[in-house]
Amino acid sequence: GRGLNRSPTMSYIPRTVIQISEAAVTVDESKCIADKGCRVCIDVCPMDILSIDEQTGKAYMKHDECWYCLPCQKDCPTGAIQVAIPYLVR
């Protein structure tokens with residue numbers, strides 16, 4: 001029985017870690033005010049990759065098609081967005 005209990009957890013944790021470390025756009029949910037009606041990052045993104053998480057009411061990256069153009073980070077009124085620019089693009 002132990003092997004069955006362990007495998008769902010094991011397959012879930014690495015995926016979460018990858019999403020956090022690989023995500024081009026990260027949103028600090030403690031700063032994000034999308035739950036209060038802010039849509040600045042969604043409106044300025046030319047790739048339409050940002051959306052509102054229905055569970056949290058906060059912005060998040062729904063598709064990994066980021067061009068690293070940065071208006072989402074620059075225009076965010078609370079500084080909640082960080083764009084992780086890959087070394088090769090800098």
Side-chain angles (χ1 to χ4, degrees):
R2 259 187 201 189
L4 292 174
N5 290 342
R6 198 181 305 133
S7 61
T9 311
M10 292 306 289
S11 63
Y12 176 71
I13 291 169
R15 198 173 303 133
T16 306
V17 171
I18 289 167
Q19 284 174 346
I20 291 167
S21 61
E22 299 285 319
V25 180
T26 53
V27 179
D28 181 340
E29 291 190 358
S30 67
K31 294 180 182 174
C32 177
I33 55 170
D35 56 337
K36 295 178 174 62
C38 182
R39 296 289 181 273
V40 171
C41 61
I42 294 167
D43 293 342
V44 299
C45 179
M47 300 304 291
D48 192 33
I49 64 168
L50 298 170
S51 189
I52 302 300
D53 184 325
E54 289 178 21
Q55 304 292 313
T56 63
K58 307 293 186 172
Y60 77 105
M61 185 177 69
K62 63 179 175 177
H63 304 298
D64 195 356
E65 300 286 329
C66 183
W67 279 12
Y68 310 102
C69 62
L70 299 179
C72 61
Q73 180 175 303
K74 289 179 181 156
D75 294 352
C76 177
T78 61
I81 294 188
Q82 285 284 213
V83 179
I85 300 173
Y87 187 71
L88 293 171
V89 180
R90 286 183 190 157

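Keep in mind that this is a model prediction, so the values were computed, not measured.
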> Is there a continuous path of hydrophobic side-chain contacts, each under 4.5 Å between heavy atoms, that joins V27 to W67?
yes

> Quick one: pull up SG in C41 and CD1 in I52 and give me the separation to the nearest 0.5 Å.
6.0 Å

> Count I, L, V, M, F, W, Y as connected when their side-chain heavy atoms are under 4.5 Å apart, and connections chain through other members. Are M47 and Y60 then in the same cluster?
no

> Strictly distance-based, threshold 3.5 Å: is any side-chain N or O of K58 a donor or acceptor partner for the main-chain N or O of C32?
yes

> Shared ILVMFWY cluster between Y68 and V25, side chains joined below 4.5 angstrom?
yes

> Applying the 4.5 Å side-chain criterion to the ILVMFWY set and letting contacts propagate, would I33 and L50 be lumped into a single cluster?
no

> Going from CG on D48 to NE2 on H63, what distance comes out if it is rounded to the nearest 0.5 angstrom?
6.5 Å

> What heavy-atom pair brings Q73 and I81 nearest, and what distance separates the two atoms?
CG-O, 3.3 Å

> Got a second to check how far L70's CG is from C45's SG, nearest 0.5 Å?
11.0 Å

> State the OG1-CG distance between T78 and D28, to the nearest 0.5 angstrom.
8.0 Å

> So, for A24 and D64, which heavy atoms are closest and what is the spacing to 0.1 Å?
CB-OD1, 4.1 Å

> Locate the shortest heavy-atom distance separating V40 from C76; write the atom from each residue and the value.
CG1-N, 4.4 Å

> If two hydrophobic side chains count as joined below 4.5 Å and joins carry through other members, does M61 share a cluster with I42?
yes

